[in-house]
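Structure, as structure tokens:
Keep in mind that what you see is a predicted model, and the values were worked out from it rather than measured.
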Amino acid sequence: MAVRYLIRLPDPAAARGEDPALAFRSDGAEGLAAELEAALRTPALFERWRALQDDPDEVDESLGATDPDARVTGGQKDLAIELEASTSLPGSVFRQRMKLLAGSHWELRDVRFG
């Protein structure tokens with residue numbers, strides 16, 4: 001079952017994770033949506049993060065789950081950017097990807113099931 005996450009980036013320029021190698025690179029809504037969609041669909045972001053861990057072999061493999069059908073759209077609203085992500089990934093995986101990409105500079109506005 002797909003879940004829709006409604007995300008708000010109140011200050012898109014600050015929406016960067018702690019590690020620049022893992023963080024968002026885009027500034028606009030379309031670019032940020034595309035980066036999040038890729039992070040949900042493919043293991044690339046997870047693999048880069050895992051390689052940076054002290055013991056990559058000990059990382060919980062379930063954190064590397066992907067959803068090839070994930071969809072993310074984005075739009076500008078005032079000075080903020082709003083993203084809507086639809087995915088079957090568990091919430092814990094979704095939150096980890098958002099933390100890597102945006103750090104703590106994002107808000108979960110709503111979650112819709114079905």
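Heavy-atom contacts from other residues, nucleotides or ligands closer than 6.0 Å to CG of L52 number more than 12. The number of heavy atoms from other shown groups lying within 6.0 Å of CD (E30) does not exceed 12. Around atom CD of E18, no more than 12 heavy atoms belonging to other residues, nucleotides or ligands sit under 6.0 Å away.
Screening residues 2-42 for ring-ring contact (aromatic ring centres under 6.0 Å, His included), with sequence neighbours left out, gives Y5-F94.
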Would L36 and L83 count as a side-chain contact (heavy atoms from CB on, under 4.5 Å) here? Give the steps.
CA-CA 9 Å; L36 176 56; L83 302 174; 4.1 Å; yes

Walk me through it: do L45 and R97 pass the test side-chain contact (heavy atoms from CB on, under 4.5 Å)?
CA-CA 8 Å; L45 178 65; R97 305 274 165 88; 4.1 Å; yes

Audit row: V72, T87, side-chain contact (heavy atoms from CB on, under 4.5 Å) steps and yes/no
CA-CA 9 Å; V72 182; T87 182; over 6 Å; no

Steps toward salt bridge (Lys or Arg N to Asp or Glu O under 4.0 Å) verdict (D78, R8)
CA-CA 11 Å; D78 298 321; R8 184 170 184 268; over 6 Å; no

W49 vs D19, side-chain contact (heavy atoms from CB on, under 4.5 Å): CA-CA, chis, key distance, verdict:
CA-CA 9 Å; W49 171 78; D19 188 329; over 6 Å; no

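With sequence neighbours excluded, no residue forms a salt bridge (Lys or Arg N to Asp or Glu O under 4.0 Å) with E35. Contacts of E61 classified as salt bridge (Lys or Arg N to Asp or Glu O under 4.0 Å), with partners at least two apart in sequence or in another chain: R50.
The distance from atom NZ of K99 to atom CH2 of W106, rounded to the nearest 0.5 Å, is 10.5 Å. Atom CG of L9 and atom CG of D27 lie 11.0 Å apart (nearest 0.5 Å). Between the CG atom of D67 and the OG atom of S86 there is a distance of 7.5 Å, given to the nearest 0.5 Å.
Taking 4.5 Å as the limit, every side-chain heavy atom of R112 sits out of range of all side-chain heavy atoms of V3.
Formation of a donor-acceptor pair under 3.5 Å by the D110 side chain with backbone atoms of L6 is not found in this model.
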